Amino acid sequence: MKQLRQRTKPSGIATEQLINELQSFGVRLVDPKMAGVSRRGGAGPSDHTPFTIDGATVMVPVHNAPAFESPYLVEKPDAQGKSRITRDGVVLSEISFPLRPRFYERATAEGIPYSHIATLHGRDVLATTVLQRCIRYASRTKTCQFCAIGQSLAAGRTIERKTPAQLAEVAKAAVELDDVKHMVMTTGTPPGNDRGAAILAESAAAVKAAVDLPIQGQCEPPDDGTWFARMKEAGIDALGMHLEAVTPQVRQRIMPGKAQVSVERYFEAFAAAVPVFGRGQVSTYILAGLGDTAKDVLAICERLVLIGVYPFVVPFVPIAGTPLESHPTPPPAFMHDILSSLAAMLREAGLKSTDIKAGCGKCGACSALSTYERRIQA
Ligand code: SF4
């Protein structure tokens, strides 16, 4: 085993830094059929495939422009999904791919494949976009430029509105067949002041009635703060309200529609949500590499951590077909600067990804942050 380690890690590169490299550069797949569990389009990060490296399951780009030129090559996996990553012919690490989830083989009575209702993210997360339309996506002048929420719908890989009953049916199957451990429910922002809280609450209630599965809801801050208690009562265990970018100028440029909801409005909502969901159970997603400096990102993280909000900072990954498809990914050293400082900040504040009941911060696959946390805790 020792010999194997020495052979497979000749560069001596730490796992968290290798993850930064892989998420920046992406990987080339020797066998393109391996992209079986990857996803294209949809809300949030896309064009990735999950694999496990040194115990950490990570989402790594395979379908976007940087990945086609990546110096990192993934060998054809064996029947158990085991493979290796190489660079310039040198083996850097062994990895393993998740097997195709069993619930993907099923369909509803009306013939809708379960995979069009929810998908497996990372290793054990069931993820769905309850409403695959968004008021911010209607026009290119308003759309968040990184988002591909309409692409998977246009390609017929998902349905526009997942009903509570459909979500409950799929969640139950995913727990029973594939042992999923938590669920992420995101949504495009519908018209109306609740900003999606209402459909998340009714969906969570239906899932919880069918199966005991921790759920994270993700939406914009609802105008009425009483929605936090209503979401919690309905069965949402953790809440994500995603800033995406942190300075007004970058938010205005990258997400002109969503930037109308100011950073300060988000902070008001965080302050109201933390007492309801608990310290560390409210989180935000921050895309690093869109123009905010490391100092900008860390300054916001400091404010967030202080009020008990977990800042899940991920490297921006361009998605094919979006206005930002040619935008560069952040250099690995930039991510290292942010994530190493953020992990120290989290430790100081006693916030841990492993304490989050459900959601992206708990899954951690889109960032090396939890690997930095593990390293610093050790
Ligand atoms: S971190 Fe969130 S978006 Fe990324 S794979 Fe995990 S659940 Fe999906």
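Note that ligands are numbered from 1 as they come in the structure, with each ligand's atoms numbered from 1 the same way. For clarity, every value in this text was computed on a predicted model and none was experimentally measured. The residues of the chain are indexed from 1 along the displayed sequence.
Nearest heavy atoms, Ser283 versus His242: O-CD2, 4.4 Å. Scanning both residues, Leu298 and Ile338, for their nearest heavy atoms gives CD2-O, 3.6 Å.
Between atom 2 (Fe) of ligand 1 and Cys363 there is no N/O/S contact shorter than 2.8 Å. Among the atoms of His121, an N, O or S atom is found under 2.8 Å from atom 8 (Fe) of ligand 1.
The ligand atoms of ligand 1 that sit less than 4.0 angstrom from a heavy atom of Met59 are 5 (S). Taking every non-hydrogen atom of Cys360 and a distance limit under 4.0 Å, the qualifying atoms of ligand 1 come out as 1 (S), 2 (Fe), 3 (S), 7 (S).
Rounding to the nearest 0.5 Å gives a distance of 14.0 Å between CZ of Arg303 and OH of Tyr266. Rounding to the nearest 0.5 Å places CG of Leu304 at 5.5 Å from CZ of Phe270.
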